[in-house]
Every structure is written in structure tokens, then in C-alpha cells.
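Computed from heavy atoms alone, side chains included, the values below leave out hydrogens, waters and symmetry copies. Numbered from 1 within each chain, the chains take letters A, B, ... in sequence-line order.
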There are 2 protein chains.
Amino acid sequence: MSQPTLRQTSGGRTRLSPEQRREQLLDLGVKLLAHRSLDELSIDLLAEEAGISRGLLYHYFGNKHAFHEAVVRRAADDLIEQTAPPVDGEPMERMLTSLSAYLDYVVDNHEGYLSLVKAAAGGNETLREIYEEARSALNGRVFREDAQGDIIPDTPATRLVVRGWSAMVEELVLSWIAEPRGVTREELLEIMAASLPAIVEVTPGR
Amino acid sequence: MSQPTLRQTSGGRTRLSPEQRREQLLDLGVKLLAHRSLDELSIDLLAEEAGISRGLLYHYFGNKHAFHEAVVRRAADDLIEQTAPPVDGEPMERMLTSLSAYLDYVVDNHEGYLSLVKAAAGGNETLREIYEEARSALNGRVFREDAQGDIIPDTPATRLVVRGWSAMVEELVLSWIAEPRGVTREELLEIMAASLPAIVEVTPGR
DNA sequence: TGGCGTTATTGAAAAAGTGTCAATAGAGTG
DNA sequence: CACTCTATTGACACTTTTTCAATAACGCCA
């Protein structure tokens, strides 16, 4: 089906620097874990795809779960890093910029994002924490960009509502990517951006 | 840590009717799968907790995944069954009733609901289908008699938006249960109910 | 260029977990 | 009190994960 193409040296093993090897394995992990769950991915397959022995994976990550954790952490870091912090302009404008960057990221890194989301929802405490951390960073931006509270006053109730809104945005984006239903990119952004103030508007304790 | 207390017969094995045994195992499964993923739950542990041999689990469910599926299906059926069928009245009123029943269920059956949600997010096609089915049933109750589209016109864009709203509702409920933040039950319901029309209002293609 | 030390990498074997099935033993029945 | 039916077990085969001593690339220095 597929043969190893990375083999630099003729006959034997390929020796990389620890950093390179880690990168390779994490990249591969993100890709492979986007569409299957952890127990549907055998170390055997992973090792074969990577062109290494099973043992090497354990050398780098200790065990399968730790590997998964590292993969998810990497996907989360990627997300935070690549959805650049907002520039300047009106709050509403900055939010659109921010959402736009988020949407682009999910479109471009669909696999990485899926790995992250699936792990968070289906996984253990640690995995969920990694996800929560990433999401907090994202949500935090919403409040930070609106320091005066022009759009969103910072109260317990609105914090809750923003969490809910985040979940909606995530669902909208993933669902739209899977099936756009004739909705354009701009319309989607409009829906996501406009719905936050709309929801906050109907929040009692605001 | 914990010792089997269910042993009716003095020395040997406990014999139940197939129905009772199935129930026991499904109940236990729901509980155990609320906070860990499937591959973090060994048949060994499950059998020990249930006070049975590993073999018996296979006798009843065939294999581990089938067991998981049965557990999730049971949680879904529970949800549908226990969130009482919709009453009549104004659309907005029905929505409140429905959301209220849903909230109560999630509060009372937190573990069952978690098992369901986690399985859906992290799992395979079959598991996701079970979840989708349950969610459709729920959404269906809310919208069945809004045939005129008084609140929600039926368009591709609004379908997408309703999906998003559902995700938000789920997140709000779970998040509120974990940390109410001073928001009352009634306020929460108000937020969830009012936000749907609010979001639809700002949807371009409606 | 060729030996030499460091360490990335392997392979075989142990451990852990899943799935199978003939044998066992509760519980009702006549 | 046998006798039958079948829920339940335990030992065994198979698969996958994990360990670790042995191996072999690569850089370095002569």
C-alpha cells in the first residue's frame, strides 16, 4: 500500500535529532488521531507509518496515553498560536477578525482541530484540561478585546454565556465545514459574531 | 477499597435472571463510563466491580465495543423516555417546558448524560448516530408544532443555527451544573429559551 | 581517513488486556 | 431428592502494550 520514503540511509535505521523525531511523531499522531480514537490506533500502525520501531515511541513518550496527551497538547498550542491575537480597531471589528482567524484555522487544520476536540470530549481529566486551557485562552480574548464592556459586561452570568457561545461557534464551524448548506463564509462569520451580543442581550443577570 | 456486597449465596456464584444481570451491567457501565474513556476501563475492573467473571460480560454483550454501544444506547433511551413528551400550548411555552425537562434530566442523571455525550464526541459512527438520534428527538419536540415557522423559518441556514444552539444548550447545562456561578435555574432556562429566537433573528439567510 | 564515544534506535521477550469455550453449579420442577 | 436447564465460571489462545539490553548511526578527534 505505502512504502517508507523517508529512509535516508540505504539499508538500516534512520537517525534523527530528538527534536526532529518528536516533531515527526507528533505531526503523524495529529493526522492519525483526527479520524480514529486512541484505541483504534495501534502502536504497530503508528510505528509502521513513521518508519520506526514500536520501542522508539515508548522511548519518546513513555506510553500510549502520554503520547495522546502530547499530541493533543500540540494541537492546542497550535490553535492558540496560529489564531493570532487581535489587532486594533473597534471591538466588534476585532471580534470579526478574531473569529475569522479561528475559522481559517479550523478549515486549514481540520485534522488537528478534530484531534483536539475529540480528545477533549471523549477523554479523561487531563485531556479535558488541555482543551479547557485552550478554550479559556480563546474566550479570554473576547473579554480582553472588550475591556470597557461595551458589548459584554464581565459578570458570572456572561462568563457562562460566553462558554455556551463558544460551544455554539465550534459546532457551527465544524458543521459548516462538513456541510455548508449554501451558507457562505461571510454569512457564517456574521452569524457567529452577531449572535454573541444577541445572546448577551437576553441574559438576565447581565 | 471496596468489597462485593451483592453476593447472595454464601460461598459461590450469584445467579440472576438475564434481564436483571443485563440491567446491573448496563447501570454499572453508565456509571463507570461517565468519567473515563472506554480504553481506560478494563473488562477486569468492570467484572470485579460487578462481582462477576470476565466471561459473563462477553456472554451478554459479545465484546467490549458492543457493551459500550449498549451502555450508550441505554443512556439515550433513558434521556428520551424520561424527558416527558411535549405538552401543548404556545410554541414558546412548549419550548420552556421541554428545556425544563431536559435540564432536570441532566441534573438527576448526570453520569448517564456524560456517558452519552462523551461517547458521541469521541466515538465511532455508530455511537455518534445514537447520540444524533437522541438529539433529534429532543429538538423535534421543540419544533414539531412550529409548522408556521412563527419563531423559526425552516431554511438551510436556520437548520445550521439550530444545531449550534443545541450545542450551546448542552454546554450551558453541563457548565452550570459544574459551577452555577450564582445563576438560578430559572435564569438559565430563560437564557436558553430566549437565545434561540435571538440568534435566529441575526441569521442572514433566514 | 579511521577509530571511538555518545546516544538514537531496535528486536525480542515479558506483561497486560481481550476474546473463546468446554466444564461447572444454582435454582426451579416433577 | 434426583434431574434438567442455563447462568456462570476459569483456564487458555490470541492480540496489543510495555520493557530493556543490545545495536548501529553520527559527530569528533587524532
Side-chain angles (χ1 to χ4, degrees), chain A residues 3-29 32-33 36-71 119 123-124 126-127, chain B residues 3-29 32-33 36-71 119 123-124 126-127:
Chain A
Q3 76 268 41
T5 65
L6 289 174
R7 183 137 300 156
Q8 304 167 328
T9 318
S10 59
R13 47 182 79 169
T14 308
R15 187 184 173 121
L16 300 182
S17 76
E19 293 73 34
Q20 283 180 310
R21 187 61 84 188
R22 249 189 100 83
E23 287 301 298
Q24 180 212 358
L25 294 176
L26 288 177
D27 280 350
L28 184 59
L32 293 178
L33 285 169
R36 52 196 111 199
S37 63
L38 187 64
D39 72 324
E40 285 167 340
L41 173 63
S42 69
I43 303 289
D44 259 338
L45 175 62
L46 182 63
E48 188 179 0
E49 290 281 323
I52 60 168
S53 68
R54 281 201 310 285
L56 194 57
L57 193 91
Y58 288 92
H59 173 68
Y60 278 102
F61 297 99
N63 64 50
K64 206 181 173 184
H65 280 91
F67 174 67
H68 191 197
E69 216 175 289
V71 165
N124 62 25
T126 309
L127 291 177
Chain B
Q3 76 270 37
T5 65
L6 290 174
R7 185 138 299 158
Q8 305 167 327
T9 318
S10 58
R13 49 181 79 170
T14 306
R15 188 186 173 118
L16 300 181
S17 76
E19 293 72 35
Q20 284 180 307
R21 186 62 83 190
R22 250 189 98 83
E23 287 301 298
Q24 180 212 356
L25 294 177
L26 289 178
D27 280 350
L28 184 59
L32 293 178
L33 285 170
R36 53 196 112 199
S37 64
L38 186 65
D39 72 323
E40 285 167 340
L41 173 63
S42 69
I43 304 287
D44 261 336
L45 175 63
L46 182 63
E48 189 179 359
E49 289 281 323
I52 60 169
S53 68
R54 277 203 312 286
L56 195 57
L57 194 91
Y58 289 94
H59 174 68
Y60 278 102
F61 298 98
N63 64 52
K64 205 182 175 185
H65 280 90
F67 173 68
H68 190 197
E69 214 174 290
V71 166
N124 60 26
T126 309
L127 292 176

Heavy-atom closest pair, residues [X] and [Y]:
{"X": "A/Leu25", "Y": "A/Tyr60", "result": "CD1-CD1, 4.3 Å"}
{"X": "A/Asn124", "Y": "B/Glu40", "result": "ND2-OE2, 2.7 Å"}
{"X": "B/Leu38", "Y": "B/Leu33", "result": "CA-CD2, 4.0 Å"}
{"X": "B/His68", "Y": "B/Ala119", "result": "NE2-CB, 3.7 Å"}
{"X": "A/Leu127", "Y": "A/Glu69", "result": "CD2-CA, 3.9 Å"}

Which listed nucleotide (D/dA7, C/dG19, C/dT6) is nearest to the side chain of A/Arg15?
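From the listed options, C/dT6 comes nearest.
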Between C/dG19, D/dG10, C/dT9, which one does the side chain of A/Ser53 approach most closely?
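In terms of side-chain proximity for A/Ser53, the closest of C/dG19, D/dG10, C/dT9 is C/dT9.
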Residue closer to the 5' end of DNA chain D, B/Leu57 versus A/Leu38 (nearest nucleotide):
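Nearer the 5' end of the strand: B/Leu57.
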Quickly work out the [X] [atom1] to [N] [atom2] distance and round it to whole Å.
{"X": "A/His65", "N": "C/dG17", "atom1": "NE2", "atom2": "P", "result": "11 Å"}
{"X": "A/Leu25", "N": "C/dA8", "atom1": "CG", "atom2": "C1'", "result": "12 Å"}
{"X": "B/Glu19", "N": "D/dT8", "atom1": "CD", "atom2": "C1'", "result": "16 Å"}
{"X": "A/Glu40", "N": "C/dG17", "atom1": "CD", "atom2": "P", "result": "20 Å"}
{"X": "A/Arg13", "N": "C/dT10", "atom1": "CZ", "atom2": "P", "result": "6 Å"}
{"X": "B/Ile52", "N": "D/dT6", "atom1": "CD1", "atom2": "P", "result": "20 Å"}
{"X": "A/Lys64", "N": "C/dG17", "atom1": "NZ", "atom2": "P", "result": "13 Å"}
{"X": "B/Leu46", "N": "C/dT18", "atom1": "CG", "atom2": "P", "result": "10 Å"}

At 4.0 Å (heavy atoms only), tell me whether [X] reaches a base, stays on the sugar-phosphate, or touches nothing.
{"X": "A/Tyr60", "value": "sugar-phosphate"}
{"X": "A/Ser42", "value": "sugar-phosphate"}
{"X": "B/Leu56", "value": "base"}

Taking atom types as they are modelled, is there a donor-acceptor pair under 3.5 Å from the base of C/dT9 to the side chain of A/Arg21?
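No, the side chain and the base share no sub-3.5 Å donor-acceptor pair.
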Quick one: the side chain of A/Arg54 and the base of D/dT18, do they pair up donor-acceptor inside 3.5 Å?
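Flag set: donor-acceptor pair detected.
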Has B/Tyr58 got a side-chain N or O lying under 4.0 Å from the OP1 or OP2 atom of C/dT20?
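The answer is no; no side-chain N or O of B/Tyr58 sits under 4.0 Å from OP1 or OP2.
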